Amino acid sequence: MSEEEARQSGGSSQAGAVTVSDVQELMRRKEEIEAQIKANYDVLESQKGIGMNEPLVDCEGYPRSDVDLYQVRTARHNIICLQNDHKAVMKQVEEALHQLHARDKEKQARDMAEAHKEAMNRKLDQSESQGPPQAFAKVNSISPGSPASIAGLQVDDEIVEFGSVNTQNFQSLHNIGSVVQHSEGKPLNVTVIRSGEKHQLRLVPTRWAGKGLLGCNIIPLQR
């Protein structure tokens, strides 16, 4: 196979998208060329181990009579041509593998983008179906200097979460009182709605100069 034949036969696979089958075919051709190169080197080896560069004339300049000159010249010529073919096929293999790798990376990036988009859409659908968080209680009053005041609570804040208490498990103010009693000196995460915006606060129930551990009055909202 000449270099031109290798280039022409490889053109069909390069004209369109390279497939794994194209790469396998190129590898088959590569192995075939390597087998032919070895066969021609075996011919040279059979001629008294003569290689690619040993002289074919004796010390007096006459053609050597101990080897088959025609076989040697033919084998050498074949090896040179086959090595060129091998180089061309290896280049095609490299380009094909590069195209496959690039296409795989593009597909992976597309798949990741689609998965991310799907996750975002699902999250958006869930948030829309659930609607805005519902408050279950409201801050009615706050004493100055109290733990509630220090935490940043304000009158009319609507409570969405108070520690472990939320809309789903809230039954009465006793729930909040129980959490406060068991959390003295420990920070509680409190989520409130203030003027339509959500705020995250950290409230530490603490004994202070006033009454209770919070220093605020909380009333339940009608659900």
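What you see is a predicted model; the values in this text were computed from it and never measured.
Annotation: side chain of V192 is not in contact with side chain of Q154 (no heavy-atom distance under 4.5 Å). Counting heavy atoms from C-beta on, the side chains of H77 and N40 never come closer than 4.5 Å. Contact check for H101 versus L97: no side-chain heavy atoms found under the 4.5 Å cut-off. Contact annotation: the side chain of Q47 approaches that of I50 to within less than 4.5 Å [non-hydrogen atoms, C-beta and beyond]. Looking only at side-chain heavy atoms (C-beta outward), R202 and N189 come within less than 4.5 Å of each other. P220 is listed as a side-chain neighbour of L173, based on a closest heavy-atom distance under 4.5 Å. Residues L188 and F162 form a side-chain contact, since some pair of their non-hydrogen atoms from C-beta on lies under 4.5 Å apart. Between M52 and I80 there is a side-chain heavy-atom pair separated by less than 4.5 Å.
When all heavy atoms of R76 and G51 are compared, the pair lying nearest together is NH2-O, 2.7 Å. When all heavy atoms of I176 and V165 are compared, the closest pair comes out as N-CG2, 4.4 Å. Considering all non-hydrogen atoms of both residues, P144 and W208 come closest at O-CZ3, 4.0 Å. Considering every non-hydrogen atom in both V43 and A75, the closest pair reads CG1-CB, 4.0 Å. Closest of all the heavy-atom pairs between A96 and L26 is CB-CD1, 4.1 Å. Closest approach of F136 to E161, counting heavy atoms only: CE2-N, 4.0 Å.
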>> Does V67 form a side chain to side chain contact (heavy atoms under 4.5 Å, CB included) with R64? I'd like the steps, not just the answer.
In response: CA-CA 6 Å; V67 296; R64 291 177 56 172; 4.0 Å; yes
>> Let's go through N166 and V160 carefully: what are the C-alpha distance in whole Å and the side-chain angles of both, what is the deciding distance for side chain to side chain contact (heavy atoms under 4.5 Å, CB included) to 0.1 Å, and is it a yes or a no?
In response: CA-CA 6 Å; N166 53 46; V160 176; over 6 Å; no
> Going through the checks in order, is the side chain to side chain contact (heavy atoms under 4.5 Å, CB included) test met by K186 and T206?
Replying inline: CA-CA 8 Å; K186 302 175 184 177; T206 310; over 6 Å; no
> Can you list the steps and then say if L56 with R73 is a side chain to side chain contact (heavy atoms under 4.5 Å, CB included)?
Replying inline: CA-CA 9 Å; L56 299 182; R73 289 194 179 99; 3.9 Å; yes
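A continuous path of hydrophobic side-chain contacts links V18 to V93 [ILVMFWY only; heavy atoms under 4.5 Å]. V23 and I33 fall within the same hydrophobic cluster, where Ile, Leu, Val, Met, Phe, Trp and Tyr residues are linked whenever their side-chain heavy atoms come under 4.5 Å apart, directly or through other members. Residues V179 and V190 share a hydrophobic cluster, clusters being chains of Ile/Leu/Val/Met/Phe/Trp/Tyr side chains in contact below 4.5 Å. Under the 4.5 Å side-chain contact rule for hydrophobic residues, V204 and I218 do not share a cluster. A continuous path of hydrophobic side-chain contacts links L44 to I37 [ILVMFWY only; heavy atoms under 4.5 Å].
Under a 4.0 Å N-O distance rule, the pair K30/E34 qualifies as a salt bridge. A salt bridge links D157 to R194: at least one charged side-chain nitrogen sits closer than 4.0 Å to a carboxylate oxygen. One finds a salt bridge joining K138 and D156 here, because a Lys/Arg side-chain nitrogen approaches an Asp/Glu carboxylate oxygen to under 4.0 Å. Between E25 and R28 there is a salt bridge, with a side-chain nitrogen of the basic residue lying less than 4.0 Å from a carboxylate oxygen of the acidic one.
Here the CE atom belonging to M27 is positioned 13.5 Å from the CD atom belonging to E32, to the nearest 0.5 angstrom. Between the CD atom in Q71 and the OG atom in S46 there is a gap of 6.0 Å [rounded to 0.5 Å]. To the nearest 0.5 angstrom, K87 atom NZ is 7.5 Å from N84 atom CG. Between the CG atom in N169 and the OG atom in S164 there is a gap of 6.5 Å [rounded to 0.5 Å]. The CD atom of E184 sits 5.0 Å away from atom CG of L213, with the distance rounded to the nearest 0.5 Å.
Using modelled atom types, no side-chain atom of R29 and backbone atom of Q24 make a donor-acceptor pair closer than 3.5 Å. No donor-acceptor distance shorter than 3.5 angstrom exists from the side chain of N175 to the backbone of S178, with no hydrogens or angles considered. Looking at S149, its side chain never comes within 3.5 Å of a backbone N or O of S146 through a donor-acceptor pair. Side chain of D22 to main chain of T19: a donor-acceptor pair is present (N/O by atom type, distance under 3.5 Å, no hydrogens or angles).
Judged purely by distance below 3.5 Å, without hydrogens or angles, the side chains of Q200 and T191 pair a donor atom with an acceptor atom.
More than 12 non-hydrogen atoms from other residues, nucleotides or ligands lie less than 6.0 angstrom from CD of Q83.
Here the options are N140, V155, I142, the test is side chain to side chain contact (heavy atoms under 4.5 Å, CB included), and the partner is N217; only N140 passes. Paired with R110 under the rule side chain to side chain contact (heavy atoms under 4.5 Å, CB included), one option of M112, E106, Q108 passes, and it is E106.
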